[in-house]
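Worksheet for the structure shown next.
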Amino acid sequence: MKKIATLTCLHSNKVCARVSCLSAFQNRTAFFKDYPEDTVLAAMMTCNGCRSITETEPQDDKGIQEKIDRLVHEGIQTVHVGVCRLNKNGNECPRITAICQMLEAREIEVIRGTHAERH
Ligand code: SF4
């Protein structure tokens, strides 16, 4: 059994209930299409927020470190990153990029995409 998780933008919480990500996983569509039935979406984490909320970069953020420790402890093998990682110009938010690098450093695979992408 494989355990996976999602990473999304904290700011997107204001308007996003994660419905499309969860639906894509439950229906095994888009970036989840190759997962077998017994795959578990076991965690959903966000970034630590924009600079306007916190000056602390993800690498120095205790909460982000704690979340990643928990993913490792839970045996999460892959993290899918939502389309909310992209700004309106289609560029990835540097804080999301930093968290992806932190995940990969802990040997967690990062896949950019959950449901169909708008950009
Ligand atoms: S740092 Fe980036 S991913 Fe995080 S809330 Fe801000 S815009 Fe969203």
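Excluded from the calculations below are hydrogen atoms, water molecules and symmetry mates; all remaining heavy atoms, backbone and side chain alike, are included. Start at 1 and go down the list; that is how both ligands and their atoms are numbered.
A salt bridge links Glu74 to Arg70: at least one charged side-chain nitrogen sits closer than 4.0 Å to a carboxylate oxygen.
In summary, the side chains of Arg18 and Thr8 do present a donor paired with an acceptor at a separation below 3.5 Å, with no hydrogens or angles considered. Using modelled atom types, one finds no donor on one side chain facing an acceptor on the other under 3.5 Å when comparing Thr97 with Arg85. A side-chain donor-acceptor contact under 3.5 Å links Ser23 and Asn27.
Distances from atom 6 (Fe) of ligand 1 show that Cys50 has an N/O/S atom below 2.8 Å.
Listed by number with element, the atoms of ligand 1 under 4.0 Å from a non-hydrogen atom of Ile96 are 3 (S). With ligand atoms numbered from 1 in the order given, ligand 1 contributes 1 (S), 5 (S), 6 (Fe) to contacts under 4.0 Å with heavy atoms of Gly49.
Hydrophobic clustering (side-chain heavy atoms under 4.5 Å, transitive across Ile, Leu, Val, Met, Phe, Trp, Tyr) groups Ile68 together with Val81.
Contact check for Asn48 versus Arg95: side-chain heavy atoms found under the 4.5 Å cut-off.
Contact annotation for His11 and ligand 1: heavy atoms of both the backbone and the side chain come within less than 4.0 Å of the ligand. Counting heavy atoms under 4.0 Å from ligand 1, residue Cys9 touches it through both backbone and side chain.
Atom 4 (Fe) of ligand 1 has Cys47 SG, 2.2 Å as its closest protein atom, hydrogens excluded (heavy atom only). In terms of protein heavy atoms, atom 2 (Fe) of ligand 1 is closest to Cys93 SG, 2.3 Å.
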